Amino acid sequence: MAGGIGSRFWPMSTPDRPKQFIDVLGVGKTLLQLTFERFEGICPPSNVWVVTNAKYADVVHEQLPQIPVGNILSEPCRRNTAPCIAYVSWRIKKIDPKANVVVSPSDHVVTNTSEFRRIISSCLEFTGETDAIVTLGMKPTRPETGYGYIQADLSVSSPRNKEIFRVDSFREKPDAQTAEKYIRDKSYFWNAGIFIWRVSTIVNAFRVYMPSLSKIFENMLPYYGTPEEQELINQKYPDCESISVDYAIMEKASEIFVCPSDFGWSDLGTWGSLLAQTPKDLYGNSKIGPNISLFDTHNCIIHTTEEHKVVVQGLDGYIIAEKDGTLLICKLSEEQRISQYSE
């Protein structure tokens with residue numbers, strides 16, 4: 001899924017260049033490219049599909065020339081994750097009704113890719129043998145209020161896979177006090193928005209729990225892969241209800257399982273999360289750029305990949321970021337106001 005307009009990393013990201021298409025980590029690869037690479041060995045490039053906004057389709061092709069152009073699906077408008085997942089599910093079903101599918105956001109970070117691949121492969125084996133829907137639950141490391149949570153029934157694991165448990169409930173983003181409670185209770189996990197299922201399982205779930213949505217994509221089945229497909233999508237997609245797959249399916253279906261996982265995951269929703277996820281010096285600073293010198297500076301994130309030399313003195317808890325001639329200097333504690341600065 002690569003259709004988001006994530007611009008919280010302004011000035012590095014903008015609505016015309018969301019975070020999935022930029023080199024957030026300063027490693028020479030965008031988050032989309034890193035997501036693609038994580039699935040090496042799990043599925044061939046010909047089996048990778050990207051759903052994105054129509055205005056980003058050319059960027060996806062430019063950044064992922066390895067995948068077929070026909071595997072880049074263009075949404076004419078934003079309708080949250082349920083229509084996005086429904087579209088690609090019916091599209092894949094037309095080609096292979098027995099396909100086993102992983103759904104992943106394109107703008108997340110994983111630091112332990114070998115463990116990620118092990119977990120995904122294990123879950124694919126589980127869903128290949130069952131009609132189960134599996135979601136990954138990240139073992140929480142802090143009382144995070146910016147993530148949704150999954151409560152698992154850890155009393156007994158699945159007989160087919162000792163790492164997989166039934167989901168008790170999905171919980172919305174909590175307040176600080178509730179997040180502290182979740183951390184103390186080992187049955188709560190962060191909801192990463194990564195799902196594994198057979199295509200037949202998710203299509204049937206849409207038919208049961210979102211019949212109006214499923215009807216839209218079922219009726220287009222004869223046209224997938226034809227020249228008429230995009231025109232029909234442009235006509236019908238705006239009629240889809242804007243709803244997340246969590247609300248549409250996950251909170252309603254019965255055969256829902258979670259695989260507790262720990263592979264260095266972050267959704268990089270804020271500059272603060274980037275600071276937490278990247279290597280830091282002895283004073284808690286993260287430097288992403290070729291030539292950055294810090295003096296009497298603590299707990300800062302400096303992202304200046306286009307500057308020849310950057311010198312920072314006497315700051316504590318700040319964001320310093322530059323892109324295309326725009327410079328941001330902002331307190332980390334005030335970063336929720338960045339959208340105001342970018343207008």
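Everything numeric in this text was worked out from a predicted model, so none of it was measured.
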Hey, is the main chain of Ser106 close enough, under 3.5 Å, to the side chain of Thr35 for a donor-acceptor pair?
yes
Is Ile292 linked to Leu327 within one hydrophobic cluster, defined over Ile, Leu, Val, Met, Phe, Trp and Tyr using a side-chain heavy-atom separation of less than 4.5 Å?
yes
Where the side chain of Arg79 meets the backbone of Pro238, is there a donor-acceptor pair that is under 3.5 Å apart?
yes
Group every Ile, Leu, Val, Met, Phe, Trp and Tyr by side-chain heavy-atom contacts under 4.5 Å, then state whether Leu154 and Ile164 land in the same group.
no
Please identify each residue that fulfils side-chain hydrogen bond (donor to acceptor under 3.5 Å, both in side chains) with Thr297, with sequence neighbours left out.
none
Is it true that a side-chain atom of Lys280 and a backbone atom of Thr278 form a donor plus acceptor pair closer than 3.5 Å?
yes
Quick one: side-chain hydrogen bond (donor to acceptor under 3.5 Å, both in side chains) partners of Asp16, sequence neighbours excluded?
none
Once ring pair (Phe, Tyr, Trp, His ring centres under 6.0 Å) is applied, what residue pairs with a partner in residues 59-82 remain, sequence neighbours excluded?
none
Cluster membership besides Phe295, Ile/Leu/Val/Met/Phe/Trp/Tyr side chains within less than 4.5 angstrom, sorted by chain and number, is Val311
What residue pairs, at least two apart or across chains, pass ring pair (Phe, Tyr, Trp, His ring centres under 6.0 Å) with a residue in residues 14-56?
Phe21-Tyr56, Phe39-Phe116
Indicate yes or no: does Lys215 engage Glu218 in a salt bridge with an N to O separation below 4.0 Å.
no
Under the rule for side-chain hydrogen bond (donor to acceptor under 3.5 Å, both in side chains), what residues qualify as partners of Thr52, not counting sequence neighbours?
none
Between Lys94 and Glu229, is there a salt bridge with N-O shorter than 4.0 Å?
no
Classify the side-chain pair Asp324/Thr326 by whether it contains a donor and acceptor separated by less than 3.5 Å.
no
